[in-house]
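Remarks on the structure that follows.
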Amino acid sequence: MYDKITPPTTGEKITFKNGEPVVPDNPIIPFIRGDGTGIDIWPATEKVLDAAVAKAYNGKRKISWFKVYAGDEACDLYGTYQYLPQDTLTAIKEYGVAIKGPLTTPVGGGIRSLNVALRQIFDLYACVRPCRYYAGTPSPHKNPEKLDVIVYRENTEDIYLGIEWKQGSEIGDRLISILNNELIPATPEHGKKQIPLDAGIGIKPISKSGSQRLVRRAIKHALQLPKSKQQVTLVHKGNIMKYTEGAFRDWGYELATSEFRNECVTERESWILGNKEKNPNISLEENARMIDPGFDALTPEKKAQIVKEVETVLNSIWTSHGDGKWKEKIMVNDRIADSIFQQIQTRPDEYSILATMNLNGDYLSDAAAAIVGGLGMGPGANIGDSCAVFEATHGTAPKHAGLDKINPGSVILSGVMMLEYMGWQEAADLIKKGLGAAIANGEVTYDLARLIEPPVEPLKCSEFAEAIIKHFG
Ligand SMILES: NC(=O)C1=CN([C@@H]2O[C@H](COP(=O)(O)OP(=O)(O)OC[C@H]3O[C@@H](n4cnc5c(N)ncnc54)[C@H](OP(=O)(O)O)[C@@H]3O)[C@@H](O)[C@H]2O)C=CC1
Ligand SMILES: O=C(O)CCC(=O)C(=O)O
Ligand SMILES: [Mg+2]
């Protein structure tokens, strides 16, 4: 079955039932060490995870690690350009839950991202990246503890599908010619627009099914959160990209108000209901004026449309959601992408789950991690319906590779997410406790040490792992 790797001789497979993992006491879990700083981070992570599991379950549970290869290490073992060998894909498919370090992607040419390839091959459609603050972590922000968000990023489509043509390529030029001479002129709304003849071309597909399965998962997650955090914000740049990012927003609302009608209220619905609660005799038109500040300047058709919207909301959900009942529901709202970048800095406590398309989520997860201490504190998970691969938000940080210096916190916390996904909450809690105590005690790697006032002497990557274990208690 495998060409160059051998699974551990002890341990069992994790299986899936109705999209949930069924985990034996001794699961076999494949891991990819990763390029660059993976060489430092992975051993530290493995040590912390093993110690937590051993302590939490007194040796009754144990992970059997199965080393699989991707990136530079894979080329060393399997030969030139064998960046993602079949052995690795077979192992991840077979064992269902895996964890990985970062993998390098060259800029402007060369291989396409192995990280993205894994997400697409295993249909890991939700990239889940929580950004929360650990007490004592230094941050450039005044109130980093106010940020507690989970970026829920669509993980398989958008421009990450990687369908693009190089400037000057034969097919790229043909495509530009067809667009300029046939398709754009046949689309009246595009007027006389033309694509520059020396352009590279990329395709941005955003599908209804892809958007809705992501939002569905985000809403299900919100249902598990404490009441005050039951909110899903659809992040988009739909004012500019109307039929891709704008459609993502519309499909998100459509899903929320159909599949989760009884559990959700949209922000606009909450305004309409709230207006009637404050003034039970309010007319439909007055209510419409209050939810749309520019109402009086609108055309009669637009005004009629908004009045109709008010009427429909009141007729359809007043009984189930009115009289303040909507305050107990999940709030679904939307924000334009550029605005959300400033909002998470200026009003972080107003947000909880941020449901995004692929590119926006990539940017937003680095930005949110920066607020709570940087990329050393940014864990993540790529989740599908029958497979999950855990990995940090950050990349290979090549300038720090092999120095036993980098912060392993993000991959360790990705391991915590994996333990929680497996239902091994006691082990996950031990690691969170140990990591929190190490940070609060000023036992941190260079990235956090340099932010502490006055700066403290940094621990090595491996020493930070030991400090976490020491603080298990
Ligand atoms: N999922 C994956 O595997 C990902 C892979 N990549 C790939 O990684 C490569 C390098 O990308 P690059 O843009 O440099 O981004 P990186 O995220 O690798 O690093 C950028 C900077 O972020 C800080 N940083 C990153 N990781 C940590 C950490 N664990 N602890 C503390 N600080 C950290 C460092 O800042 P400083 O030096 O200031 O301390 C580092 O120089 C590229 O090939 C890229 O494609 C990128 C993202 C994700
Ligand atoms: O695959 C890569 O090289 C980069 C991916 C990335 O930045 C991310 O998923 O956050
Ligand atoms: Mg990224």
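Numbering of residues begins at 1 and proceeds along the displayed sequence. Read the numbers this way: they start at 1 and go in the same order the structure lists the ligands and their atoms. These numbers were taken from a predicted model, which means no experiment stands behind them.
- Counting only non-hydrogen atoms, the option in Gly38, Gly378, Pro398, Ala392 that gets closest to atom 14 (O) of ligand 1 is Pro398.
- Aromatic pair Phe390/Tyr421: centroids less than 6.0 angstrom apart.
- Contacts between Thr105 and ligand 1, counted as non-hydrogen atom pairs separated by less than 4.0 Å, involve both the backbone and the side chain.
- Residue contact check: Thr105 has heavy atoms under 4.0 Å from atoms 1 (O), 2 (C), 3 (O) of ligand 2.
- Comparing Thr396, Ile32, Asn115 against atom 8 (O) of ligand 1, the shortest heavy-atom distance belongs to Thr396.
- Ligand 1 has no atom lying under 4.0 Å from any heavy atom of Lys405.
- For the salt bridge (Lys or Arg N to Asp or Glu O under 4.0 Å) with Lys237, the lone residue among Asp158, Asp334, Asp338 that qualifies is Asp338.
- Of all the atoms in ligand 1, the ones that sit under 4.0 Å from a non-hydrogen atom of Thr104 are 43 (O).
- Under the 4.0 angstrom criterion, atom 12 (P) of ligand 1 counts as lacking any protein heavy-atom contact.
- For Glu391, the closest heavy-atom approach to ligand 2 does not fall below 4.0 Å.
- Ion pairing of Asp148 with Arg132 is absent here, as no side-chain N (NZ or NE/NH1/NH2) approaches a carboxylate O to less than 4.0 Å.
- In this structure, Glu426 does not pair ionically with Lys55, as no charged nitrogen and carboxylate oxygen lie closer than 4.0 Å.
- Between the side chains of Glu12 and Asn26, no donor-acceptor pair is found at a separation under 3.5 Å.
- Counting heavy atoms under 4.0 Å from ligand 2, residue Arg119 touches it through the side chain alone.
- Heavy-atom distances between Val411 and ligand 1 stay at or above 4.0 Å for every pair.
- Residue side and main chain included, Asp362 places an N/O/S atom under 2.8 Å of the Mg ion (ligand 3).
- Numbered from 1 in the order shown, with element, the atoms of ligand 2 that lie under 4.0 Å from a heavy atom of Asn115 read 1 (O), 2 (C), 3 (O).
- Of the heavy atoms in Thr393, only backbone atoms (N, CA, C, O) come closer than 4.0 Å to ligand 1.
- Under the 3.5 Å distance criterion, with hydrogens and angles disregarded, a donor-acceptor pair is assigned to the side chains of Tyr351 and Arg335.
- Looking at Thr156 and Glu154, their side chains do bring a donor and an acceptor atom within 3.5 Å of each other.
- With distances taken over non-hydrogen atoms, the option nearest atom 4 (C) of ligand 1 out of Gly395, Ala401, Gly110 is Gly395.
- Every atom of ligand 1 with a heavy atom of Arg450 under 4.0 Å away is listed here by number and element: 36 (P), 38 (O), 39 (O).
- Taking the charged nitrogens against the carboxylate oxygens, Lys204 and Glu245 do have a contact shorter than 4.0 Å, which makes a salt bridge.
- Of the protein's non-hydrogen atoms, Ser113 OG, 2.6 Å is the one closest to atom 1 (O) of ligand 2.
- Salt-bridge check for Arg213 with Asp123: passed, with a basic side-chain N closer than 4.0 Å to an acidic carboxylate O.
- Within the 4.0 Å heavy-atom shell around ligand 1 one does not find Met377.
- A salt bridge is defined here as a Lys NZ or Arg NE, NH1 or NH2 lying under 4.0 Å from an Asp or Glu carboxylate O, and Lys208 with Asp250 fails to meet this definition.
- The atoms of ligand 2 that sit less than 4.0 Å from any heavy atom of Arg129 are 8 (C), 9 (O), 10 (O).
- At a 4.0 Å heavy-atom cut-off, ligand 2 touches Arg153 through the side chain alone.
- Taking a cutoff of 4.0 Å between a charged side-chain nitrogen and a carboxylate oxygen, Lys146 and Glu350 do not qualify as a salt bridge.
- Residue-ligand proximity, Asp362 to ligand 2, at heavy-atom distances under 4.0 Å covers atoms 6 (C), 7 (O), 8 (C), 10 (O).
- Within the 4.0 Å cut-off (strictly below), no protein heavy atom is located near atom 21 (C) of ligand 1.
- Within a 4.0 Å radius of atom 26 (N) of ligand 1, the protein contributes at least one heavy atom.
- Between Arg153 and the options Asn358, Thr356, Asn360, a side chain to side chain donor-acceptor pair (under 3.5 Å) holds for only Asn358.
- With respect to Arg33 and Glu46, no salt bridge is recorded, no charged nitrogen being found less than 4.0 Å from a carboxylate O.
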